[in-house]
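Let me begin by presenting the structure, written as structure tokens, before commenting on it.
Counting starts at 1 for both ligands and their atoms, in listed order. Worth knowing before you read on, the calculation uses all heavy atoms, side chains too, and leaves out hydrogens, waters and symmetry mates.
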Amino acid sequence: MPRMIHIIGAGLAGLSAAVELTARGHAVVVHEATAVAGGRCRSYYDNSVGMTIDNGNHLLLSGNRAALAYARAIGAQDRLVGPARAEFAFFDLANREKWTLRFNSGRVPWWIFDPRRRVPGTHALDYLAVGRLLWAPRDHAVGEVIRFSGTLYERLLRPLLLAALNIDPAAGSAALAGAIIRETIAAGGKACRPLIAREGLGATLVEPALDLLGERNAHVQFGHQLHAIRFADEHVTMLDFGKDSINLTDDDAVILAVPPYVAATLIPDIETPNEYRAIVNAHFRMDPPDQLPPMLGVVNATTEWIFAFPGRISVTISAGDRLIDTPRDALAQTIWREVADIAGLPPELPRWQIVRERRATFAATPEQDARRPNARTRYRNLALAGDWTNTGLPATIESAIRSGQRAAEIITHS
Ligand SMILES: Cc1cc2nc3c(=O)[nH]c(=O)nc-3n(C[C@H](O)[C@H](O)[C@H](O)COP(=O)(O)OP(=O)(O)OC[C@H]3O[C@@H](n4cnc5c(N)ncnc54)[C@H](O)[C@@H]3O)c2cc1C
């Protein structure tokens, strides 16, 4: 029998591993517990708004090299769209001040010396402190490394790190924050262009991958939840799916690309992150007015980011655990009041949906970061993938895709 590689989980980590392995000519089967691929990064038809929406707005940056390589590999790079330059529009709801952060392309941050490009109310020297995050020890929180108050913090670092780490930044891992700064702001504007899947996450990052895998004869089996793994000595011998099971030959291999709380039930003695943070998204069926930018950062509000899509306005709130128990309609009202005020729209609530992902990401604290396992396991035919594995990045698309590519590399050489 030819060697078969079983990938468990069709989120972006599993899909990127499958794309990588099939490109190298390996035979692959993907086993997905649910009826759809994409995991935490998916589109679905929503009856409340009467259109296909994403579970949550997902932002990529032009410096996300693994994610962009994956988009190229599946032929979807043109579906990630954004401005030609690294620009971020902001609105302060407390004093109605508007500004646009404009990075210059190169590594030398000239923009911090230009009051028209940097954050209003800040000085060039304020930005030097950000450099401390680049060399932060792994056991430090952001709040132990930089001052978490002041205009630069409130208007730039807090929104940036809150979105990237999905945790109150002061408690977040300084090393993970440093990794984000290193790969974005410190890499220059060419790495900071915001990119959005305008036609939806499914049409951009998921369906083209499934099409490609189909062309390469890789089967994706939906509704096929892995219940248990059998081990002998240093390798996996059987995959138990409850109603059926698969015996592995000596050459076969497995990439486990499931969330951490599932991996912890399948592998003995594995340590994984075990605390999570929520992300709340509100979707409103409404044509965005021309003056609303494709993406707007909002400070001093419940709303954190407003995204303008064709026929829809969507809002993202990170580390949204405090909003999990708020009644849905009250939350929709609060968020729409802010959006309508900012965008100059009528106060009447349009058709809406609130999506609360409770375990959107692992909690990016130094303690949880220290619990992330490496992709290579002590079993010679088993590798781990997922945004929660030890990628050195917070739980993001880039982390998930890098992890999938890394697991593919390990299995290819096992
Ligand atoms: C609302 C929201 C907003 C986000 N915003 C951003 C953003 O703006 N930018 C960004 O970069 N990242 C963002 N993220 C994070 C990003 O979505 C994740 O990092 C990424 O999708 C994780 O992919 P993954 O493959 O590691 O895990 P998952 O997507 O969780 O995939 C795991 C897969 O395994 C399957 N599975 C589970 N158990 C089993 C089993 N026993 N057998 C078989 N299959 C199983 C699951 O059904 C799932 O399909 C956001 C996440 C959320 C929830």
Side-chain angles (χ1 to χ4, degrees), residues 6-18 29-42 53-61 63-64 66-68 70 80 162-166 180 183-184 194-197 201 205-206 209 220-229 239-242 254-267 273 276-283 295 304-305 307 314-320 354-362 364 372 375 384-389 391 393-405 407:
H6 298 273
I7 298 176
I8 316 298
L12 291 182
L15 290 176
S16 61
V29 182
V30 183
H31 307 269
E32 166 56 44
T34 68
V36 292
R40 279 170 281 154
C41 183
R42 66 188 184 282
I53 61 174
D54 296 332
N55 66 316
N57 305 310
H58 279 62
L59 177 71
L60 284 170
L61 293 175
N64 292 154
L68 294 192
Y70 168 80
L80 288 169
L162 181 60
L165 299 179
N166 192 32
I180 291 294
E183 298 203 7
T184 58
L195 297 170
I196 293 171
L201 296 170
L205 295 174
V206 181
V220 182
Q221 203 170 346
F222 291 103
H224 209 215
Q225 180 177 3
L226 183 66
H227 288 205
I229 303 178
L239 298 175
D240 175 359
F241 293 92
V254 178
I255 292 179
L256 191 63
V258 298
Y261 47 88
V262 178
T265 66
L266 293 169
I267 304 181
Y276 302 89
R277 289 294 182 273
I279 297 181
V280 176
N281 274 267
H283 306 276
M295 194 182 116
E304 289 168 1
W305 296 93
F307 292 83
S314 291
V315 164
T316 296
I317 302 166
S318 296
I354 300 275
V355 184
R356 295 187 264 211
E357 294 266 8
R358 286 164 193 265
R359 292 192 283 199
T361 67
F362 75 86
R372 299 169 81 181
L384 300 177
D387 61 355
W388 54 277
T389 56
T391 60
L393 295 174
T396 52
I397 292 177
E398 180 67 9
S399 176
I401 291 178
R402 261 187 222 181
S403 78
Q405 294 171 348

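- The shortest N or O to N or O distance between Pro259 and ligand 1 is not under 3.5 Å.
- For ligand 1 and Ala360, the ligand atoms under 4.0 Å from any heavy atom of the residue are 53 (C).
- Among Gly14, Gly38, Ala33, Pro260, the residue whose heavy atom sits closest to atom 43 (C) of ligand 1 is Ala33.
- A distance-only check finds no donor-acceptor pair linking the side chain of Ser399 to the backbone of Ala395 [under 3.5 Å].
- Under the 3.5 Å distance criterion, the side-chain polar atoms of Ser16 are matched with a main-chain donor or acceptor of Leu12.
- If you check each of Ala400, Ala278, Ala17 against atom 23 (O) of ligand 1, the one with the closest non-hydrogen atom is Ala400.
- Salt bridge annotation for Glu32-Arg42: absent, with no cationic side-chain nitrogen under 4.0 angstrom from a carboxylate oxygen.
- Counting protein heavy atoms only, atom 19 (O) of ligand 1 is closest to Asp387 OD2, 2.7 Å.
- Between His227 and Phe241, the distance separating the two ring centers is not shorter than 6.0 angstrom.
- Listed by chain and number, the residues in a side-chain hydrogen bond (donor to acceptor under 3.5 Å, both in side chains) with Asn57 are Asn281, Thr316 (sequence neighbours excluded).
- Considering backbone and side-chain atoms together, Thr396 places an N or O closer than 3.5 Å to an N or O of ligand 1.
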Trace of the side chain to side chain donor-acceptor pair (under 3.5 Å) decision for Arg277 with Ser318: CA-CA 8 Å; Arg277 289 294 182 273; Ser318 296; over 6 Å; no

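- Looking at Leu59 next to ligand 1, an N or O pair under 3.5 Å apart turns up.
- Nearest to atom 39 (C) of ligand 1 among the protein's heavy atoms is Val258 CG1, 3.6 Å.
- The heavy atom nearest to atom 30 (O) of ligand 1, considering only Arg40, His31, Glu357, is found in Arg40.
- Here the protein heavy atom with the shortest distance to atom 46 (C) of ligand 1 is Glu32 OE2, 3.5 Å.
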Evaluate Ile255 against Ile8 for side chain to side chain contact (heavy atoms under 4.5 Å, CB included), listing each step before the verdict. CA-CA 6 Å; Ile255 292 179; Ile8 316 298; over 6 Å; no

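- The protein non-hydrogen atom at the shortest distance from atom 6 (C) of ligand 1 is His58 CD2, 3.4 Å.
- Residue contacts with ligand 1 leave out His227, since none of its heavy atoms falls under 4.0 Å from the ligand.
- Residue contacts with ligand 1, taken as heavy atom pairs separated by less than 4.0 Å, involve Ile279 solely via side-chain atoms from C-beta onward.
- When the side chain to side chain contact (heavy atoms under 4.5 Å, CB included) test is applied to Ala282, the partners found at least two apart in sequence or on another chain are Phe284, Val315, Ile335, Ile354.
- Close to ligand 1: Asn57, with a non-hydrogen atom less than 4.0 angstrom away.
- At a threshold of 4.0 Å, the pair Asp387-Arg40 counts as salt-bridged, since one of the basic side-chain nitrogens sits closer than that to a carboxylate oxygen.
- At the shortest separation from atom 15 (C) of ligand 1 among protein heavy atoms lies Ala395 O, 3.8 Å.
- Of the heavy atoms in Ala257, only backbone atoms (N, CA, C, O) come closer than 4.0 Å to ligand 1.
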